[in-house]
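First up is the structure itself, then whatever we jot down about it.
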Amino acid sequence: MLDFDLGPGFAAASRAGSPGGDLRQALLLRLREQGFALLQPGQLGELCGCSPADFAPALPLWDELPADPYLKDGGRYRRRRHGSFVHELGDDPRGVRQVAHRAHYQPLTYNALHGGLVRWLEPLDARLGAMPWWEALLGSLGTLFAQLRPQPRWYVEAHQFRIDTAEGIGRPTPEGAHRDGVDFVAVLLAQRRGIRGGESRVFELQGARGVRFTLDQPWSALLMDDTRVIHETTPILPEIEAGGGCRDTLVLTWRAGGFLDPPRAEA
């Protein structure tokens, strides 16, 4: 039996072995046991059939992100784009298609700060979706999650974020510890430059246990069952006083049954 390092665990739920040394089976075991797992870049590449180096051409797209106009705390530290996809889980495990641009919405139940807002964010750059690894990433992770919770299709949202320290502090999760109101979440670190902080924290939804760690390797990924854990990321500060820095992430969510949409007005 070969053990895989899939990050810290909740006490006894930290083993990651699987018969035959199969990464996918080890990952499924960890997600079933504790509801989250941490993948290093090489593991993410193995799971998706690509190399960590394949992701590098996407990095310049984070330099072109527009400002997020919806921050209710008055900050100007977040830039982002948003896109929506449907993954049909049929004979083609990578049957992922982008849908027409739509608003991002979360009810107050899941986001105490920005819940209830209909947020029309700028769409993802078409160059991101054209990257050779894009469909493989969404398709492979969606297929993995369907092994845990079988579904005919997933409704996937992609959020490209940059949090910067231009004004001294940046808040990756200004809403605090939260759920996203979906089935599964993946947080991929694209890069972090000139910052300190940005610690990831994951807690049991039903229980008192929690873990803390820092995503510091480009294209490492935190996978979470959003029905079982809550999560947050601590603020970031410049590594050097008066210096600038940033934390770039790609956040993907999978939801069964449809996208989270605002309630329809009654006729």
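We use all heavy atoms of the structure for the numbers below, so side chains are in, but hydrogens, waters and symmetry mates are not.
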Spatial distance of atom CZ (Arg171) from atom CG (Asp73) [nearest 0.5 Å]: 6.0 Å

Spacing of CG belonging to Leu61 relative to CG belonging to Leu124, to within rounding of 0.5 Å: 9.5 Å

Establish, from distance only, whether the side-chain atoms of [X] and [Y] form a donor-acceptor pair under 3.5 Å.
X: His104; Y: Glu157; result: yes
X: Gln106; Y: Arg119; result: yes
X: Gln147; Y: Arg24; result: yes

Taking only residues two or more places apart in sequence or in another chain, which ones pass side-chain contact (heavy atoms from CB on, under 4.5 Å) with [X]?
X: Ala103; result: Val118, Trp120
X: Leu31; result: Leu27, Ala37, Leu144, Phe145, Leu148, Leu223
X: Pro69; result: Leu121
X: Ala146; result: Leu89, Trp154

[X] side chain to [Y] main-chain N or O, any donor-acceptor pair under 3.5 Å?
X: Arg30; Y: Gly7; value: yes
X: Ser84; Y: Val99; value: no
X: Gln43; Y: Gln40; value: yes
X: Arg81; Y: Glu122; value: no
X: Ser220; Y: Gln217; value: yes

Hphob cluster co-occupancy, Val202 + Ile236, side-chain heavy atoms under 4.5 angstrom: no

Between [X] and [Y] (salt bridge meaning N to carboxylate O under 4.0 Å), is one present in this structure?
X: Arg102; Y: Asp261; value: yes
X: Arg212; Y: Glu199; value: yes
X: Asp63; Y: Arg162; value: yes

According to ring pair (Phe, Tyr, Trp, His ring centres under 6.0 Å), who are the partners of [X], at least two apart in sequence or on a separate chain?
X: His178; answer: His231
X: Tyr110; answer: none
X: Phe259; answer: Tyr155
X: Tyr77; answer: none

Kindly indicate whether the side chain of [X], heavy atoms from C-beta on, has any atom under 4.5 Å from the side chain of [Y].
X: Ile169; Y: Thr165; value: no
X: Met131; Y: Pro57; value: yes
X: Val211; Y: Phe213; value: yes

Single hit among Asp216, Thr249, Asp248 for side chain to side chain donor-acceptor pair (under 3.5 Å) with Gln191: Asp248

Counterpart residues, salt bridge (charged side-chain N to carboxylate O under 4.0 Å, His left out), relative to [X] (two or more places apart):
X: Asp125; value: Arg127
X: Arg255; value: none
X: Glu204; value: Arg209

Trp219 to Ala56 - nearest heavy-atom pair and separation: NE1-N, 4.4 Å

Heavy-atom pair of closest approach, residues Gly142 and Trp254: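 Looks like CA-NE1, 3.5 Å.
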
Derivation of the side chain to side chain donor-acceptor pair (under 3.5 Å) call for Arg80 and His159: CA-CA 7 Å; Arg80 70 187 298 184; His159 306 261; 3.0 Å; yes

Any pair counted as salt bridge (charged side-chain N to carboxylate O under 4.0 Å, His left out), so long as it reaches residues 174-193, sequence neighbours left out: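 Listed by first then second residue: Arg149-Asp183.
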
